[in-house]
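This report concerns only the one structure given below.
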Amino acid sequence: MSSGRRESAEEKQFLEKYRPKDYARPSVAVDLVIFTIIDAQLRVLLVKRQEHPFKGEWALPGGFVRVGESAKDQGEDLDTAARRELQEETGLEPERVHIEQLYTFGRSGRDPRMRVIAVTYFALVRPDLAPFVKAGGDASHAQWLPVEALKKAELAFDHREIIETGLARVRGKLEYSGIAFDLVPLTFTIPELRHVYSIVLDREMDPGNFRRKFNRMLDDGLIEQAPGKRITASKPATVYRFKRR
DNA sequence: CCCGTTCAATAGTGTGCGGT
DNA sequence: ACCGCACACTATTGAACGGG
């Protein structure tokens, strides 16, 4: 990826003498915290490590960013690497999944091999797509771990900390944005959306108050009514969907 | 036994009030 | 401004009941 700008003669001279080895070059990785809801539980995708270090332990999907070999070839962008990993690990098309950058983890010693700076992303997979996830093509090497079981789980590297950070981010964003949209099927009822909030935030939501919150989202134009009614055990509930962005 | 009515339980919907 | 709580109202289901 070239900058395309024009260099002055002086700058050109500097670049010719520039030796990358004179500067620190830590490795850069992207790691993904991929959430979904299965069986009324918020879960995160883990893959079993095939190689040392932490061989055989559960870890977040991710990998090294392709950084290229020269000034001309500087490799792929961070977001590109994240989307590539997402597709490789889940088989899901990146366009169908909400993904955004989470945080940068760069603590010295977090990887026993060398200095690795991990740029992390979190993704939200709609529950209706989650069953199709085949991590690396091998189900025995992937699992959707309920975040509730996080405390007891053994995880490679600092991945527990990364997941906790992702969890806090998702919970925070749920409060002020429409991010829950990516955790419900395309159409949903108000109680269904309320259940998603309850699951992610791990506390019951008052039906009346949630309705007011929901009405605010309606007023903001985030949501619109969808055709039909959802038949439930009780009276049929109105069906809604999120407006296309 | 079949059919219709009644009634309690459940759940979606909506509002008022008071507290922070 | 938003939240927790209480409460009212409504639509539907299914069990119970009772008459033909």
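Convention: sequence-line order gives letters A, B, ...; per-chain numbering from 1.
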**Prompt:** Nearest-Å distance, CZ (A/Phe210) to C1' (C/dG4)?
**Reply:** 16 Å

**Request:** To the nearest Å, give me how far apart CG (A/Leu193) and C1' (B/dA11) are.
**Result:** 17 Å

**Prompt:** In whole Å, what is the span from the OH atom of A/Tyr197 to the P atom of C/dG4?
**Reply:** 14 Å

**Request:** Calculate the interatomic distance between A/Leu174 atom CG and C/dC3 atom C1'; express it in whole Å.
**Result:** 16 Å

**Prompt:** Do you see a donor-acceptor pair shorter than 3.5 Å between the side chains of A/Tyr240 and A/Gln225?
**Reply:** no

**Request:** Can you figure out which of C/dC3, C/dG4, B/dT13 approaches the side chain of A/Arg203 most closely?
**Result:** C/dG4

**Message:** Can you list everything that forms a side chain to side chain donor-acceptor pair (under 3.5 Å) with A/Arg126? Sequence neighbours excluded, please.
**Reply:** A/Asp128

**Prompt:** Starting at CD of A/Glu192 and ending at P of B/dG12, how long is that distance when rounded to a whole Å?
**Reply:** 9 Å

**Request:** Indicate the ring-plane relationship of A/Tyr103 and A/Phe105, choosing parallel, tilted or perpendicular according to the 30° and 60° boundaries.
**Result:** perpendicular

**Request:** State whether a side-chain donor-acceptor pair under 3.5 Å links A/Asn209 with A/Arg212.
**Result:** yes

**Request:** Using only heavy-atom distances, decide whether a donor-acceptor pair under 3.5 angstrom links the side-chain of A/Arg212 to the base of B/dG16.
**Result:** yes

**Request:** Give the rounded distance in Å between these two atoms: CG of A/Asn215 and C1' of C/dC2.
**Result:** 14 Å

**Prompt:** Looking at C/dC5, B/dT13, C/dC2, which one has an atom nearest to any side-chain atom of A/Asp206?
**Reply:** C/dC5

**Prompt:** What integer distance in Å separates A/Arg211:CZ from C/dA6:C1'?
**Reply:** 17 Å

**Message:** Both A/Asn209 and A/Thr238 contact DNA chain B. Taking the nearest nucleotide for each, which residue is further toward the 5' end?
**Reply:** A/Thr238

**Prompt:** Taking only side-chain nitrogens and oxygens of A/Lys213, does any of them come within less than 4.0 Å of OP1 or OP2 of C/dC3?
**Reply:** yes

**Request:** Spell out yes or no: do the side chain of A/Arg194 and the base of B/dG12 have one donor N/O and one acceptor N/O closer than 3.5 Å?
**Result:** no

